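Before any comments, here is the structure.
Computed from a prediction, not measured in an experiment: that's the story for all the values here.
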Amino acid sequence: MAKHHFEAEVSKLLQLMIHSLYSHKEIFLRELISNASDALDKLHLLTLTDEKFKNISFDPKITITIDEVEKRLIISDNGIGMDDVDLVENLGTIAKSGTKEFLESLSGDANKDAQLIGQFGVGFYSAFMVADRIEVISKKAGDKKAWIWRSEAGNEYEIDEATRDTQGTDVILYIRKEDEEYLSDWKIKEVVKKYSDHIPYKIFLKLAQKEPEQINKASALWKLSKNEITEDEYKEFYKTIAHDDNDPLYWIHTKAEGTIEYTTLFYIPSSRPFDLFRADYQSGVKLYVKNVFIMDDDKELLPVYLRFVRGIIDAEDLPLNVSREILQQNIVLSKIKKASTKKILNELKKLKEKDKDKYLKFWELFGRVIKEGLIADFENRKLLLELLLFKTSKSDEYIDLKTYVERMKQDQKGIYYLVGEENLKDSPLLERFRKEDIEVLLCEDEIDSFVMPALVQYKEKTFKSISSTEVDEDFEKSEIDESRYKDLLEKIKEILKEDVKEVKITSRLTESPAVLVFDKDDPEFQMYQMMRQMGQFDAKEPKPVLEINPEHEIFGKMVLSNDFSLVSEVATVIYNEARLLEGMKIKNVGDFAKAINTLAAKAVS
Ligand code: ADP
Ligand code: MG
């Protein structure tokens, strides 16, 4: 007998599972059946493609046995099985990347954590919610030896040699006293019906002294036609394949018949997968060929910006025994990918038109990810543009570009947008647009700073950033006598020379004293924008131009009285104020405070 210690993360997850997930105990059965089904999938493929396994007589099935005497529930399959090394790797550690960070992110609040654990996917360990002791007896296909894994949760488990006739696995649960309902046949039937009716293998229920009885339909759900499937069946099937406890937000079921035959069933989750923003996220799409499972970890099946999609692709015309590398160059598969991407985007567009609330929910969850497509997927740019939603200077509700363009003023020169971190509504850059009643898109997502400059056009209207001097050409030139301000501008420039490239007079402002903009002709700025568009986000931002409002009384008075004794304080204050209003931080808080105090002292004296 060999004792082993669980990886620290496993112990922690086990504790969480036992103490915070009560409300969803029944999902343990869904998870164990899905593991059994995965094991059958793996062996199924090998028997079709690998000489070593071709002569195994394989009648795939899952059997659930209720042992009322010993209070045990046993879930058995005749799938791929595990040897001793597999047992350590699979049932003693958590392979999922990001597990440690995930566990650290939990709050300790049982309700919130339960929700998050649901998104993380609980898997095998969820069985400890109903069992205080678990044994796994397994024999790997092709091996002679069988093994037993044993644990009572805690920090340890044991592995020993054992006996088992055929390849496969028995998961033996010693059911806790308070969970004895899971030893009744009606409860097992109910849970299997709910979650596992449509896994592609037969599930039998076996009671003492009785013949096993098949308790699921065992028909692959995605192969049925739409009118044979109820809403609930779609939902529960999602929960089984996505290991998510929440209902999906939306699904798209497609049967393509024509030169290439395939079936796809895609789901949009109603919460963000926990690893959505990790580079090593897990794929959520399973590939089947004529009902035979091929793989579920191929990130190439859909574009990266659709990585939140869960579901199934089942192709008719793919060879079963091809390697992953060859599969990626497979022309049939790449056609399916292309068509599926278009289909999903088109369906989202339809959703936007027919169910606004649902689409808003979708946008809040995945809008940021969809935006990545605007940079990565030129082919579908037009469609992707239709999916975008924005808040604007005139609307706290999201609007789409179509609405924006419909509302454009007759002589308006383009689609104006402003990118920044937060509170863009207060930006002085909006003043001139407000005065002229022109709407501006407000873009506060981090990703907007490289998506927006890459957009170019929508319906032949050009996108224009209002923080670039480019937009000045769209307005009439002011008739201010700049020479009167020459001294003032030079003095301010001297004080702020480290921070700004130039100081100029502007007609951009109606209320605020000053604003920071980028000169469209500044080669450094053009270079910066280009680098961002190419994905180099560490490029150093060039210095902005400080523009001041000559009509503001601060400057009017200074110029009129020709008294520049406070120009240093004024420059420091207006520069930092402009930064704040444009969503940046104050540059030197100490100097800023000192300047304000000096001005305040002067004002009260
Ligand atoms: P996941 O299924 O997401 O990988 P689980 O915690 O459910 O995570 O299972 C961990 C691993 O244990 C599986 O990936 C699989 O390798 C192995 N495993 C679990 N149950 C079985 C089984 N019945 N037959 C073969 N392998 C299994
Ligand atoms: Mg699993």
Side-chain angles (χ1 to χ4, degrees), residues 418-421 426-432 465-473 475-529 539-603:
L418 176 59
V419 176
E421 272 167 39
D426 299 329
S427 171
L429 288 168
L430 293 171
E431 287 173 15
R432 177 159 65 183
S465 164
I466 68 163
S467 58
S468 154
T469 56
E470 186 195 356
V471 297
D472 292 345
E473 290 155 20
F475 293 87
E476 276 176 33
K477 268 223 163 339
S478 73
E479 286 149 22
I480 301 162
D481 176 8
E482 297 203 6
S483 63
R484 286 183 60 215
Y485 295 87
K486 200 167 155 272
D487 286 353
L488 176 67
L489 295 179
E490 270 169 16
K491 290 202 160 70
I492 297 178
K493 170 78 203 286
E494 180 55 30
I495 292 151
L496 297 174
K497 62 176 182 279
E498 302 295 320
D499 304 310
V500 303
K501 200 181 171 86
E502 232 176 305
V503 183
K504 284 183 178 168
I505 292 288
T506 185
S507 54
R508 208 181 299 285
L509 301 170
T510 57
E511 285 159 38
S512 302
V515 70
L516 292 162
V517 291
F518 290 103
D519 186 344
K520 74 166 169 54
D521 297 324
D522 179 358
E524 275 175 59
F525 180 61
Q526 286 171 358
M527 179 63 88
Y528 170 74
Q529 275 201 317
K540 214 174 135 243
E541 193 174 90
K543 284 187 191 170
V545 175
L546 181 75
E547 292 191 347
I548 64 169
N549 175 4
E551 270 155 34
H552 197 283
E553 64 170 319
I554 301 182
F555 308 116
K557 280 186 181 164
M558 265 204 271
V559 169
L560 203 67
S561 65
N562 207 20
D563 174 1
F564 295 112
S565 55
L566 288 171
V567 71
S568 163
E569 285 78 9
V570 167
T572 306
V573 169
I574 57 162
Y575 166 69
N576 280 299
E577 187 189 318
R579 287 181 62 88
L580 276 178
L581 288 170
E582 290 179 55
M584 293 175 271
K585 288 209 179 76
I586 291 180
K587 199 79 181 260
N588 186 334
V589 182
D591 286 350
F592 180 65
K594 228 188 264 166
I596 290 197
N597 294 337
T598 308
L599 293 176
K602 188 84 184 171

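Partners of Lys497 under the salt bridge (Lys or Arg N to Asp or Glu O under 4.0 Å) rule, at least two apart in sequence or in another chain, are Glu494. Among residues two or more places apart in sequence or in another chain, the side chain to side chain donor-acceptor pair (under 3.5 Å) test is passed with Thr469 by Asp519. Qualifying ring-ring contact (aromatic ring centres under 6.0 Å, His included) partners for Phe564, counting only residues two or more places apart in sequence or in other chains: none. Qualifying salt bridge (Lys or Arg N to Asp or Glu O under 4.0 Å) partners for Lys501, counting only residues two or more places apart in sequence or in other chains: Asp522, Glu524. Taking the side chain to side chain donor-acceptor pair (under 3.5 Å) definition, one finds that Glu473 meets it with Lys520, sequence neighbours left out. Scored by the side chain to side chain donor-acceptor pair (under 3.5 Å) test, Ser465 finds Ser467 as partners (sequence neighbours excluded).
Heavy-atom neighbours of Lys587 NZ from other residues, nucleotides or ligands within 6.0 Å: above the threshold of 12.
Here OG of Ser468 is found 10.5 Å from CG of Leu429. Values are rounded to the nearest 0.5 Å. Considering NZ of Lys504 and CG of Leu489, their distance stands at 10.5 Å, rounded to 0.5 Å.
The list of salt bridge (Lys or Arg N to Asp or Glu O under 4.0 Å) pairs with a residue in residues 561-583, not counting sequence neighbours, is empty. Sorted by first and then second residue, the pairs that involve residues 553-562 and meet side-chain hydrogen bond (donor to acceptor under 3.5 Å, both in side chains), not counting sequence neighbours, are Glu553-Lys557. Residue pairs meeting the ring pair (Phe, Tyr, Trp, His ring centres under 6.0 Å) criterion with at least one member in residues 493-518, sequence neighbours excluded: Phe518-Phe525. For residues 484-493, no residue pair satisfies the side-chain hydrogen bond (donor to acceptor under 3.5 Å, both in side chains) rule, not counting sequence neighbours.
A 4.5 Å side-chain heavy-atom check between Asp499 and Leu496 finds at least one atom pair inside the cut-off. Two residues are said to be in side-chain contact when any heavy atoms from C-beta on lie closer than 4.5 Å; Pro513 and Phe555 meet this criterion.
In plain terms, the two heavy atoms of Glu498 and Lys543 that are nearest each other are O-CE, 3.1 Å.
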Can you list, pair by pair, the side-chain donor-acceptor contacts under 3.5 Å of residues 544-552, counting residues two or more places apart and other chains?
| unit_1 | atom_1 | unit_2 | atom_2 | d |
| --- | --- | --- | --- | --- |
| Glu547 | OE1 | Thr506 | OG1 | 2.9 |
| Glu547 | OE1 | Arg508 | NE | 2.7 |
| Glu547 | OE1 | Arg508 | NH2 | 2.9 |
| Glu547 | OE2 | Arg508 | NH2 | 3.1 |
| Asn549 | OD1 | Glu551 | N | 3.0 |
| Asn549 | ND2 | Ser512 | O | 3.0 |
| His552 | ND1 | Ile554 | N | 3.2 |

Check residues 591-599 and write down every donor-acceptor pair under 3.5 Å in which the side-chain atom is one partner and the other belongs to a residue at least two apart or another chain.
| unit_1 | atom_1 | unit_2 | atom_2 | d |
| --- | --- | --- | --- | --- |
| Asp591 | OD2 | Asn588 | ND2 | 3.1 |
| Asn597 | ND2 | Ala593 | O | 3.2 |
| Thr598 | OG1 | Lys594 | O | 2.9 |

Is there a side-chain contact (heavy atoms from CB on, under 4.5 Å) between Arg432 and Leu509 once you walk through the steps?
CA-CA 6 Å; Arg432 177 159 65 183; Leu509 301 170; over 6 Å; no
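If you run side chain to side chain contact (heavy atoms under 4.5 Å, CB included) between Tyr575 and each of Val500, Leu580, Val503, only Val500 comes through.
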